[in-house]
Protein chains: 2
Amino acid sequence: MERVFSIGKLAEASGSKVETIRYYESIGLLPEPERNAGNQRRYTPRHYDRLAFILHARDLGLSTEAVRQLIDLSLHPDMPCRDADEIARRQLEDVRQRIARLKLLEAELERTLSSCTHGTIAECKVIEALAQCGACERHHRPPR
Amino acid sequence: MERVFSIGKLAEASGSKVETIRYYESIGLLPEPERNAGNQRRYTPRHYDRLAFILHARDLGLSTEAVRQLIDLSLHPDMPCRDADEIARRQLEDVRQRIARLKLLEAELERTLSSCTHGTIAECKVIEALAQCGACERHHRPPR
DNA sequence: GCTTGAACCTATAGTGACTACAGGAATTAT
DNA sequence: ATAATTCCTGTAGTCACTATAGGTTCAAGC
């Protein structure tokens, strides 16, 4: 007999939530587990492994769609791994862009904050700075 | 007579979209503009300024709720600006955490990719690395 | 003045990735 | 045996938009 456990235990062990697990099942990322006599889900360590994979990949910022692709790939072990590699590479590209973008925002918020002298709203630089452009990336110009 | 312009022109000038502008009106971030004889919205430069403020703050990562708070604050110019300052400060904190988090992910993806030798899926390190923990921050341990 | 096509209108539904709730049934602890 | 907890399904809500349908108005060319 194999060790099985409830959805609550799986949630606890994986650091996720019961609802999230059911959600992953509903979108087909987690296989439907066996049920006990009372219709409750019974999970095996293989479910834990799959869930850990999903959670980790999501944590890394991959979309559920990317995760689905990786799972599909892993079910075809004799295919070349260029595709999995490509997914990771695209993700790295994306992460780097997000970092660069956030650093701009950080600088602008710092600038915004350092100019605040804690007077009244009327002379508050935070709101003023937010109303202006600074290192802003959107391309717009006031209507003439 | 004041210069007025259509929602399309406002979208173009601000670098946003017609639908987004109507959405901001619907959630009360943008005041309802006047309408012309044919029920079409006519905007003034003041609308442009407000919209630019919203878009810029959103760009900086503020939630629409935070933007709403800032707008409310700006309508009370004689209040102390500590509140506006606090909103920006919380946001900076948040941005810094996101950067730190993304840098961990970047390192892990780099590690993942550098170990890929382009064999078959069966020996692919990308999927393997994603299944494991590395610099992962979620707290979980396999079920015993 | 008329026609055509672009831009506008409202209302509703869809997105992603969950989260929360209602109203029960099953399990576990005492 | 009873009470508390956990589980079930199904539906609706979240955020910040985006898209679509089906209709009206506007601006330009003839």
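Lettering of chains follows the sequences in order, A, B, ..., and the numbering in each one begins at 1. As a basis for the values below, the full set of heavy atoms in this structure was taken, side chains included, without hydrogen atoms, waters or symmetry mates. Bear in mind the structure is a predicted one, so any value in this text is a computation, not a measurement.
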Taking only residues two or more places apart in sequence, or in another chain, which ones meet A:Glu110 in a side chain to side chain donor-acceptor pair (under 3.5 Å)? B:Arg96
So which one's nearest nucleotide on DNA chain C is more toward 5', A:Lys17 or A:Asn36?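 Nearer the 5' end of the strand: A:Lys17.
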Side chain to side chain contact (heavy atoms under 4.5 Å, CB included) partners for B:Glu93, two or more places apart: B:Gln97
Tell me every residue that passes side chain to side chain contact (heavy atoms under 4.5 Å, CB included) with B:Ser6, counting only those two or more places apart in sequence or in another chain.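 With sequence neighbours excluded, B:Ser6 shows a side chain to side chain contact (heavy atoms under 4.5 Å, CB included) to B:Lys9, B:Arg42, given in chain and number order.
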Give me each pair satisfying ring pair (Phe, Tyr, Trp, His ring centres under 6.0 Å) with a member in residues 13-47 of chain A, each pair once, sequence neighbours excluded.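 Applying ring pair (Phe, Tyr, Trp, His ring centres under 6.0 Å) to every pair that reaches into residues 13-47 of chain A, excluding sequence neighbours, yields A:Tyr43-A:His47.
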According to a strict under-4.0 Å criterion, is A:Thr20 in side-chain N/O contact with OP1 or OP2 of C:dT19? yes
Starting at the 5' end of nucleotides 6-15 of chain C, put B wherever the base has a protein heavy atom under 4.0 Å, S where only the sugar-phosphate does, and a dash everywhere else. --SSB-----
Shoot me the first and last contacting nucleotide of DNA chain D against chain B, ordered 5' to 3', at under 4.0 angstrom to non-hydrogen atoms. D:dA16 to D:dC26
Residues of residues 24-32 of chain A with any non-hydrogen atom less than 4.0 angstrom from an atom of DNA chain D: list those, numerically ordered, please.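 Within residues 24-32 of chain A, no residue comes under 4.0 Å of DNA chain D.
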For A:Glu34, give me all partners under salt bridge (Lys or Arg N to Asp or Glu O under 4.0 Å), at least two apart in sequence or on another chain.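 Not a single residue meets the salt bridge (Lys or Arg N to Asp or Glu O under 4.0 Å) criterion with A:Glu34.
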Taking salt bridge (Lys or Arg N to Asp or Glu O under 4.0 Å) as the test, write out the residues that go with B:Glu19, two or more places apart. none
For the backbone of B:Leu10 and the side chain of B:Ser14, can you confirm whether one donor and one acceptor N or O come within less than 3.5 Å of each other? yes
Atom pairs and distances, donor-acceptor, side-chain atoms in residues 61-68 of chain A, under 3.5 Å, two or more places apart:
| residue | atom | partner | partner atom | Å |
| --- | --- | --- | --- | --- |
| A:Ser63 | OG | A:Glu65 | N | 3.4 |
| A:Ser63 | OG | A:Ala66 | N | 3.0 |
| A:Glu65 | OE1 | A:Arg68 | NE | 3.2 |
| A:Arg68 | NH1 | A:Ile27 | O | 2.9 |
| A:Arg68 | NH2 | A:Ile27 | O | 3.4 |

To the nearest 10 degrees, what angle separates the axes at the start and end of the helix from C:dG1-D:dC30 to C:dT30-D:dA1, five pairs each?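 End-to-end axis angle for the helix from C:dG1-D:dC30 to C:dT30-D:dA1: 10°, rounded to 10°.
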